[in-house]
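Everything on this sheet refers to the single structure shown next.
Just the heavy atoms: all of them, side chains too, but no hydrogens, waters or symmetry mates, feed the values below.
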Amino acid sequence: MAEQALDRITRQLEAAQEEKQRAAQGMAGKGGQGELQAAASTSAAPRLSDAVRTGMAVGNINISSGGERFAIGGGDGEGDGSAPMDTTADPLLLELERRTKARQLMVSTDDSEVKRLLREYEEPICLWGEGPADRRDRLRDIMSRRGVSEISNRPVEAEDAEQEDEVWYHEGSSELQQTRAWVARESLPRARDRLKRARIRLAQPEPEKVQQRHAMQAKLKTFDDYCSQVGDTRPLSYCSFSPDGQMLATASWSGLCKLWSVPACKPLKTLRGHTERAGAVEWHPQACLTQEKSAVNLASCSSDGSVHLWSLESDTPIDSLKGHAQRVARVAFHPSGRLLATTCYDHSWRLWDVSRKVELLHQEGHSRAVYGVGFHPDGSLVGTTGLDALARVWDLRTGKNILVLQGHVKQVLSIDFSPNGYHVITGSDDHSVRLWDLRSQRCLYTLPAHNNLVSQVKYERQNGDFFVTSSYDTSAKIWTAPGCAPLRTLRGNDAKVMAVDISPANTHEGKTYIATASYDRTFKLFTSD
């Protein structure tokens, strides 16, 4: 029906056009141009009106009586060629135009940038139950109603771009300069000794090395639960063997640190000083060997930001390192015992002079909280891990960040250097363990080691022939090094394993112990049959 009506209208229009032309030819000799146009319009008007009326009758042509015009585009009338929004128009049309403009707005996918723009508009940065996508939609709606913020659209000036790429440094103290020179001198003899041991091992006949390796691996495959002890009334967060292997220190969420005999697992001393959860406790490298009992033998940290130093003669701290305002996650002694490193949730780590109780270095570099820390066996390097999924290696002699270990997809919680001096292992919340080579500056192996977060990684301290990992999947595992082949899974904990450690070699008549600290409030010793 509609097609027939359109054909009829087309024919009528063509007939009207022919009539107009004939009328113009007939009046060409009777009047001027003005009379010709008037006659043409007069003769054509009735037929044109009939055609339009026919189209209107069948519903194919609609003509507004008032001739209103509406701006449907998203223009604001300022240079984009579109008419401004008519404030007297229908509210539905206004809303349609606003939504059209909102769809055309470009909004950052970076959630932190979205929150910054919301602050500029003096709007809440987060609503209850709102996710990043919902927050972007809300920002887009606000920008369409109130206009694009001038600050968010401000072009980045060349000077600002240069400042973003600029490398800047803090001016260090004279004490730090002297410490860096001392570290350089101290690390050289250690490096010479390490290389000498490496040459001796390299000169060994290959059959002899293979035999020793097979004997060690066969022994590790027989490791089993030797002793289990309730360590505290709250979950244990850390464990560490003394340098002579005769004691084990544990830290607990109750704030207490305790010393236990090995292998009897009998309580020897309770260290009281922390009022919040204790995160770690570490031994001085010469504790129980050449260090006096009245001197600093242990260091511990807590979630309240406190770092305490302990002797073996008192159950209260002999001193404290003050300066942290947020949670301190880990502590670690320099191989010399003179320096102590602490990692903090304020995105930084610090280096302290233990003898003078002075902060030497406050180092930033991670974009999120710094968690794990470990020293190179020579004492020249230190590694830190952060919740930004990165591990960084720093040169203490120059202060430079010489290497970024990038590969984990979630927060990195632990790092340890091999006694060979060029291998590093890291454990992450992505359930994996990675082995890195400092010489080639690349990842050698990525191990899908556990089914849950990897809480700690530790090398065997004499030759680095194996390492252990602990995880929130309630297990600890033994791996060969550097081949990274699994040797043994240590089970027995009823909850997540928070930490793991290996006793020093040549103690307990050649017997090696592995200790685990668990969320189930117990610590366990594993050894070979």
Side-chain angles (χ1 to χ4, degrees), residues 176 178-198 238 240-245 247 249 280-292 295-301 307 309-310 321 330-343 349-358 360-361 363 372-385 391-399 402-403 414-426 438 456-465 467 481 501-507:
L176 177 59
Q178 295 171 5
T179 301
R180 293 197 189 283
W182 175 84
V183 168
R185 294 191 300 269
E186 178 73 15
S187 63
L188 291 177
R190 296 177 184 275
R192 282 194 295 267
D193 293 341
R194 174 174 58 83
L195 294 175
K196 182 179 179 180
R197 292 192 300 269
Y238 205 81
S240 178
F241 280 103
S242 62
D244 65 352
M247 287 189 286
V281 57
E282 287 285 0
W283 292 87
H284 188 283
Q286 294 301 316
C288 305
L289 297 176
T290 61
Q291 187 81 338
E292 296 181 0
V296 174
N297 281 264
L298 297 106
S300 62
C301 61
V307 178
L309 304 178
W310 310 84
L321 304 179
R330 291 288 187 264
V331 295
F333 276 100
H334 186 269
S336 66
R338 173 177 169 179
L339 306 175
L340 181 74
T342 58
T343 60
W349 63 275
R350 307 189 188 201
L351 191 67
W352 305 80
D353 187 318
V354 176
S355 60
R356 294 185 296 162
K357 317 303 186 294
V358 175
L360 298 173
L361 175 65
Q363 180 66 60
V373 62
F375 282 97
H376 188 275
D378 297 347
S380 56
L381 307 177
V382 61
T384 58
T385 67
R392 294 179 179 270
V393 179
W394 309 82
D395 191 337
L396 291 177
R397 298 162 297 185
T398 63
I402 60 174
L403 184 60
S414 182
I415 186 171
D416 198 23
F417 289 87
S418 170
N420 65 22
Y422 51 85
H423 283 158
V424 184
I425 50 173
T426 54
L438 295 180
Q456 196 165 18
V457 291
K458 278 281 187 177
Y459 265 109
E460 182 267 326
R461 287 300 171 196
Q462 185 177 18
N463 297 314
D465 292 328
F467 63 89
D501 197 16
I502 306 172
S503 67
N506 302 322
T507 59

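With sequence neighbours excluded, the residues satisfying side-chain hydrogen bond (donor to acceptor under 3.5 Å, both in side chains) with T384 are H366, W394. For R356, the salt bridge (charged side-chain N to carboxylate O under 4.0 Å, His left out) criterion is met by D353, not counting sequence neighbours. Considering only residues two or more places apart in sequence or on other chains, Y238 meets the ring pair (Phe, Tyr, Trp, His ring centres under 6.0 Å) condition with none of them. For R338, the side-chain hydrogen bond (donor to acceptor under 3.5 Å, both in side chains) test picks out no residue, with sequence neighbours left out. Contacts of R392 classified as side-chain hydrogen bond (donor to acceptor under 3.5 Å, both in side chains), with partners at least two apart in sequence or in another chain: N401. For R180, there are no salt bridge (charged side-chain N to carboxylate O under 4.0 Å, His left out) partners two or more places apart in sequence or in a different chain. Taking the side chain to side chain contact (heavy atoms under 4.5 Å, CB included) definition, one finds that A184 meets it with R397, sequence neighbours left out. For E460, there are no salt bridge (charged side-chain N to carboxylate O under 4.0 Å, His left out) partners two or more places apart in sequence or in a different chain. The side-chain hydrogen bond (donor to acceptor under 3.5 Å, both in side chains) check on S240 picks up E282, with sequence neighbours excluded. In this view, W283 satisfies the ring pair (Phe, Tyr, Trp, His ring centres under 6.0 Å) rule with no residue, not counting sequence neighbours. When the ring pair (Phe, Tyr, Trp, His ring centres under 6.0 Å) test is applied to F241, no partner is found at least two apart in sequence or on another chain.
Pairing each heavy atom of V373 with each of A332, the nearest pair is CG1-CB, 3.7 Å. The minimum heavy-atom distance between L289 and P243, with the atom names listed, is CD1-CB, 3.7 Å. Taking every heavy atom of both residues into account, P335 and F375 meet most closely at CD-CB, 3.8 Å. Minimum interatomic distance between G337 and P285 (heavy atoms only, all atoms of both residues): CA-CD, 3.8 Å. The minimum heavy-atom distance linking A391 with T426 is given by the pair CB-CG2, 4.1 Å.
Rounding to the nearest 0.5 Å places NE2 of H284 at 13.5 Å from OG of S242. One distance of note links CG of N463 with CZ of R197; it measures 8.0 Å at 0.5 Å rounding. Atom-to-atom distance recorded for S336:OG and D378:CG is 12.0 Å, nearest 0.5 angstrom. Atom-to-atom distance recorded for L360:CG and L339:CG is 6.5 Å, nearest 0.5 angstrom. Atom OG1 in T342 sits 6.0 Å away from atom CH2 in W352 (nearest 0.5 Å). L176 contributes atom CG, which lies 9.5 Å from atom CD of Q178 (distance to the nearest 0.5 angstrom).
Ring planes of W182 and H334: tilted class, angle from 30 to 60°.
The main-chain N or O of S355 is found under 3.5 Å from a side-chain atom of K357 such that the two form a donor-acceptor pair. One N or O on the side chain of T343 and one on the backbone of R330 form a donor-acceptor pair closer than 3.5 Å. Judged by distance alone, the side chain of S187 and the main-chain N or O of S380 form no donor-acceptor pair under 3.5 Å. Distance alone, capped at 3.5 Å, places no donor-acceptor pair between the E186 side chain and the G379 backbone.
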Test side chain to side chain contact (heavy atoms under 4.5 Å, CB included) applied to V358 and L321, step by step:
CA-CA 8 Å; V358 175; L321 304 179; over 6 Å; no
Step-by-step side chain to side chain contact (heavy atoms under 4.5 Å, CB included) determination, L309 to N297:
CA-CA 8 Å; L309 304 178; N297 281 264; over 6 Å; no
Can you check side chain to side chain contact (heavy atoms under 4.5 Å, CB included) on V354 and F333, steps first, answer last?
CA-CA 9 Å; V354 176; F333 276 100; 4.0 Å; yes
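Looking at heavy atoms from C-beta onward, L361 lies in side-chain contact with W349 at the 4.5 angstrom threshold. Here the side chains of L351 and L396 are in contact, with some heavy-atom distance below 4.5 Å.
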Can you list, pair by pair, the side-chain donor-acceptor contacts under 3.5 Å of residues 414-421, counting residues two or more places apart and other chains?
residue, atom, partner, partner atom, Å
S414, OG, V457, N, 3.1
D416, OD1, R461, NH2, 3.0
D416, OD2, Y459, N, 2.7
D416, OD2, R461, NH2, 3.3
S418, OG, N420, N, 3.2
S418, OG, N420, OD1, 3.2
S418, OG, N420, ND2, 3.3
N420, OD1, Y422, N, 2.9
N420, OD1, H423, N, 3.2
N420, ND2, H423, ND1, 3.2

